[in-house]
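Notes to accompany the following structure.
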Amino acid sequence: MKKMILTTGGLGFIGSHTVVDLLNEGYDVCIIDNLSNSHIEVLSYIQQITGKMPKFYQGDVRDNALLEKVFSENDISAVIHFAALKAVAESVVKPLLYYEVNIDGTIAILKAMQKHHVHNIIFSSSATVYGDPKVLPCTEDTPIGEIKNPYGETKLINEMLIKDFVKANEGMHAILLRYFNPIGAHASGLIGEDPKDIPNNLVPYILRVAAKKIDHLTVFGDDYDTPDGSCIRDYIHVCDLAHGHVLAIKKILTIEEPLKIYNLGTGKGTSVLELVNAFKKVNHIDLPYVIGPRRAGDATASYASIDLAQKELGFAPKFSVEDALKDAYHFLIKHEEGSKN
């Protein structure tokens, strides 16, 4: 019998790519998404890519009546909890919104799992829990805390919630996946990162500039203690990140330990300016940019050690930063063409 995996926020950037990988691996999938920062068309794109249509419920994960319906109608083996607000800069301006949405959503999911005896959750956490790390690369044992923004604080609080929940409920299992910086798009060009508002993440902002929808890119700070003065991040292709979730599902359905934590990245750091120049080179286009002031909440440098995920999950990223930037631009071109038809 196929296992049913519930994905909250499953039409979003990371969620949609993970749903594709799950379906291709033979899992059944149901999705909850309120479409606040995603598009209903992604559902048909998933079907085009996989030949399968996941079950879809439109609504907010904080809606207890909706959760009751979803959990009652489906024999769920595990939950992958993506749904959250995720913009660092926005969280600094709207902290109450981030605490309300991100934490209340997790509590609602955990309550529904407890009521319906669903014992496995994979949580979409973030490398922001490491704050501005003093030693690199970040391992799963790197101290957490000293976080610079409310978004990261909500991820840390949710990790604590899940740890305490698992400890208090015998038979529950959780895997916390600490993402670094997902970029890129599916090779089909059908799904990628397409925020509804002005982008907060670097690559979709680059794509808006490349499409001439924004005049120029702003690089936030060139006076950090890095070789070129811009922030350093670990950029992972979203398809590699998605496959990490499939590996985590396989793990959580067989593990005895109640809690595991894994970094998902590449193990390599790339600066913002290096990424901008790589995008220009691999896609053969100009990309005007200016240097702006530092952005509140940004750490100087952060990149992963993925040794534990390699050892225990068999996680091995296949794609380079250049691959991701080519795929992201292909996604832009395909959608620009589609919008003109």
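What you see is a predicted model; the values in this text were computed from it and never measured.
There is a path of hydrophobic side-chain contacts, each under 4.5 Å, that joins Val118 to Leu259. Residues Tyr27 and Ile122 share a single hydrophobic cluster, defined by chaining ILVMFWY side chains whose heavy atoms lie under 4.5 Å apart. Phe123 and Leu264 are not part of a single hydrophobic cluster, where members link through side-chain heavy atoms under 4.5 Å apart. Under the 4.5 Å side-chain contact rule for hydrophobic residues, Ile5 and Ile31 share a cluster. Criterion: ILVMFWY side-chain heavy atoms under 4.5 Å apart, direct or through other members. Under it, Phe220 and Ile232 are not part of a common hydrophobic cluster.
No more than 12 heavy atoms of other residues, nucleotides or ligands lie within 6.0 Å of CE in Met160, so this atom counts as exposed by the packing criterion. In Asp225, the CG atom is not crowded: 12 or fewer heavy atoms of neighbouring residues, nucleotides or ligands sit closer than 6.0 Å. Few gaps surround NZ on Lys55; more than 12 heavy atoms of other groups in view lie less than 6.0 Å from it.
Summarising the geometry of Gly131 relative to Ala299, their closest heavy-atom pair is O-CB, 3.6 Å, with the distance given to 0.1 Å. When all heavy atoms are compared, the tightest approach of Pro54 to Leu43 is CG-CD1, 3.8 Å. In this structure, Asp21 and Cys239 approach most closely via the heavy-atom pair OD2-O, 4.4 Å. Pairing each heavy atom of Val282 with each of Leu325, the nearest pair is CG2-CB, 4.1 Å. The shortest non-hydrogen separation linking Val88 to Ser91 is O-OG, 2.6 Å. In plain terms, the two heavy atoms of Asn74 and Val70 that are nearest each other are ND2-O, 2.8 Å.
Side-chain rings of His216 and Tyr205 stay apart, their centers remaining 6.0 Å or farther from each other. A ring-centre distance under 6.0 Å is not found for Tyr262 and Phe315. For an aromatic pair to be called close, the ring centres must be under 6.0 Å apart, and His245 with Phe82 satisfies this. The ring of Tyr45 has its center closer than 6.0 angstrom to the ring center of His335.
With respect to Glu68 and Lys115, a salt bridge is recorded, a charged nitrogen being found less than 4.0 Å from a carboxylate O. We find that Asp323 and Lys326 are not joined by a salt bridge, their nearest charged nitrogen and carboxylate oxygen being 4.0 Å or further apart. At a threshold of 4.0 Å, the pair Lys69-Glu73 counts as salt-bridged, since one of the basic side-chain nitrogens sits closer than that to a carboxylate oxygen. A salt bridge links Lys148 to Asp132: at least one charged side-chain nitrogen sits closer than 4.0 Å to a carboxylate oxygen. By the 4.0 Å N-to-carboxylate-O rule, Lys268 lies too far from Asp234 to be salt-bridged with it. Ionic pairing of Glu312 and Lys260 is present here: one or more N-O contacts between side-chain nitrogen and carboxylate oxygen are shorter than 4.0 angstrom. Between Glu146 and Lys134 a salt bridge is recorded (basic side-chain N to carboxylate O distance below 4.0 Å).
A side-chain donor-acceptor contact under 3.5 Å links Asn263 and Tyr130.
In this structure, OH in Tyr98 is found 3.5 Å from CD in Glu90, a value given to the nearest 0.5 Å. A distance of 9.0 Å separates CD1 of Ile333 from CG of Leu207, quoted to the nearest 0.5 Å. The line from CG of Asp164 to CG of Leu161 is 7.0 Å long, rounded to the nearest 0.5 Å.
Geometrically, Arg233 does not engage Phe180 in a cation-pi contact, judged by NZ or CZ lying under 6.0 Å from the ring centre and within 45° of the ring axis.
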Intermediate values then yes/no, salt bridge (charged side-chain N to carboxylate O under 4.0 Å, His left out), Glu322 and Lys280: CA-CA 10 Å; Glu322 290 77 13; Lys280 293 164 65 174; over 6 Å; no
Any chance you could lay out the salt bridge (charged side-chain N to carboxylate O under 4.0 Å, His left out) test for Asp28 and Lys3, step after step, and finish with the verdict? CA-CA 6 Å; Asp28 287 329; Lys3 302 291 188 182; over 6 Å; no
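With hydrogens and angles ignored, the 3.5 Å screen pairs a side-chain donor or acceptor of Ser230 with a backbone N or O of Leu273.
Ile80 places a side-chain heavy atom less than 4.5 Å from the side chain of Leu22.
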